[in-house]
Amino acid sequence: MKPGFKESVCVFGKDSRLVGVVTEPWTDLEKRTKVGILLLNAGLLHHVGPHRLWVDLARRLARLGCVSFRFDLSGFGDSIAAKDALSYEERSVLDIQEAMAFLQKRKKLHKFFMLGFCSGAENAHRVALVDNRVAGAIFMDGWAYRTWKFYIKRYWIILSDPIKILMFFVRSIKNLTQTFRRKSTAEEDRKQIFASDLPQKNKTVAELQAMVDRNIELLFLYTKSAYLYYNYKNQFKDMFSKLRSKGMVEYHYFDKADHMYTLLEERKHAMNIILQWLQKVWIKFENT
Amino acid sequence: MYPFFFGNANSQLYGVYHPPLSITKLSSTGVLLSQPIAHEYMRSHWAIRQLAQRLSDRGLHCFRFDYFGTGDSSGESDECSIERWIEDIQTAKEELENLSGTKTIFAVGLRLGASLLMQAAEKEIAFKKIILWDPIIMGTAYIELLEHLHSRQMKNIMKGSILRKMSPYQKKKEFLGHPFPQRLLTGIQNINLLTTKKVNIPKALLCISEQIDDYQSLSKHLASMGNEVKLLHEPGSPGRWEVFDEVGEALFASEIIQKIVDEIA
């Protein structure tokens, strides 16, 4: 039985430093979409994605007629580091643009959706801002901003349970002690990962508005692990209340999923949401 | 380095070949890297690449690959089995022999990757030298560790959730993001390197990040079969295999990698 897709390893970019895998429908005769999907590095993980999520997603996309490209940015995974003085952010944008150029040439695709996870979400945001080839972007556990409801939910959970109140004080004292001892904890690591360099909210809203005004479709997914910044279902609507979405923005909150979608059921749920959304939005490019 | 698909076209494997970057007397030797699986694969990817690069820098041919059903290789994650992975070792070894033009092949295995090399040796897939880096000696203990880590992660995820159904976990075995079908579980549970039948490994190096009694026992067991065995402890690169980090912590093992490279070169 044919697998429904075919894959090829590609070395691309100006210096042939970058490595990726193109996944596409089994034969050239099968119906293909006119958009390509770029699957960006998630944090330090290489191009297979968290728990092989990008591989599974790419193969399902191919069965739906879509070409996808999972690849490594300079210095990540199987790609070689660039020898230039550019910052990580600048180099990442250029690498992603190289990936688009590569697919334009090889697969005659001209519009792209990007899927970014964690730091990949930030990269997707940066590229969507500056590149007209971007038709849509999916941000998984990207930037988030606390709201007053966030604080109520966060502290209500603690205040409603005497044991939690006690644990809160114990943790606070422990954190204070560790601050003095300069001991890193898993909690501190998590704060660093989810905070990264969070831009000013007004700036983020303005940038998202610019994307929407350019008709870029946007999907936001948040997990329970983002609880330091995002902890209820409609927080997106509240935190970006000034964003005029024009029906081009969708968001979901996975309150049973950890940051890497470790549970198979949650990962499958996220994949289904992504695939349903993609099929809904890419259809507008099919008749152009 | 050269990434490509190899093996049977209907079930191709992903591999990366690192050619020698200098021509030395070692350039007639190839080194096959056998990676861990599941969450340990994700964690170790960078370390394995570093190892491959340093071996290549020293003039050796090096080849790392993804087992069937893992990484970029074909196959669904729930189609894996120990038997298939041992076949993959043979396929990868032959590929390296073709790429390098040499039949002098060493192998380095990390965690279950090391255990698989031993299983392959039992099936007479021969290497001139095998380096076992933090090998899994008892498959049952490994499964217990995975169950423990998964259970802890489930509690973290379920914290604050009411009436969370456990049914997906019960119906289909999964550990830390990866399915473990019954065939694979049985195969892993059957692994016991201390009862390995006579294997002919001209040279074996046991490279460990933590002193565990079982490693001493394994060293003695391999020696008792007439193999030349060396045990090397490098505490500077702790594996911390008993920990699961949900945000994807990478293994940084510069010291132990250098020790392995020095031993091979």
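In what follows, chains carry the letters A, B, and so on, assigned in the order in which the sequence lines appear, proteins first and then strands, with residues in each chain numbered from 1. Owing to the predicted nature of the structure, the values given are computational and were not obtained by experimental measurement.
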Side-chain donor/acceptor pairs under 3.5 Å, residues 10-17 of chain B, sequence neighbours excluded:
unit_1: B:Y14; atom_1: OH; unit_2: A:D78; atom_2: OD2; d: 2.6
unit_1: B:Y17; atom_1: OH; unit_2: B:H61; atom_2: ND1; d: 2.7

Heavy-atom proximity to chain B below 4.5 Å, by part of A:S16: neither
Got B:Q153 and A:D258 here, is their nearest side-chain heavy-atom distance under 4.5 Å? yes
Verify the distance criterion only: is there a donor paired with an acceptor across the side chains of B:S77 and A:R52 at less than 3.5 Å? yes
Please state whether the side chain, the backbone, both or neither of B:F5 comes within less than 4.5 Å of a heavy atom of chain A. both
Contact part of A:Y261 toward chain B, heavy-atom cut-off under 4.5 Å: side chain, backbone, both or neither? neither
Where does A:I80 contact chain B at under 4.5 Å (heavy atoms): side chain, backbone, both or neither? both
Between A:T23 and chain B, with a heavy-atom cut-off of 4.5 Å, which part of the residue counts as in contact: side chain, backbone, both or neither? neither
What about B:Y41 and A:H46, are their ring centers closer than 6.0 Å? yes
Any side-chain heavy atom of A:L44 within less than 4.5 Å of one from B:H45? no
Side-chain heavy atoms of B:H178 within contact of A:T262, under 4.5 Å: no
Residues that A:K107 engages under side-chain hydrogen bond (donor to acceptor under 3.5 Å, both in side chains), provided they are two or more places apart: A:E24
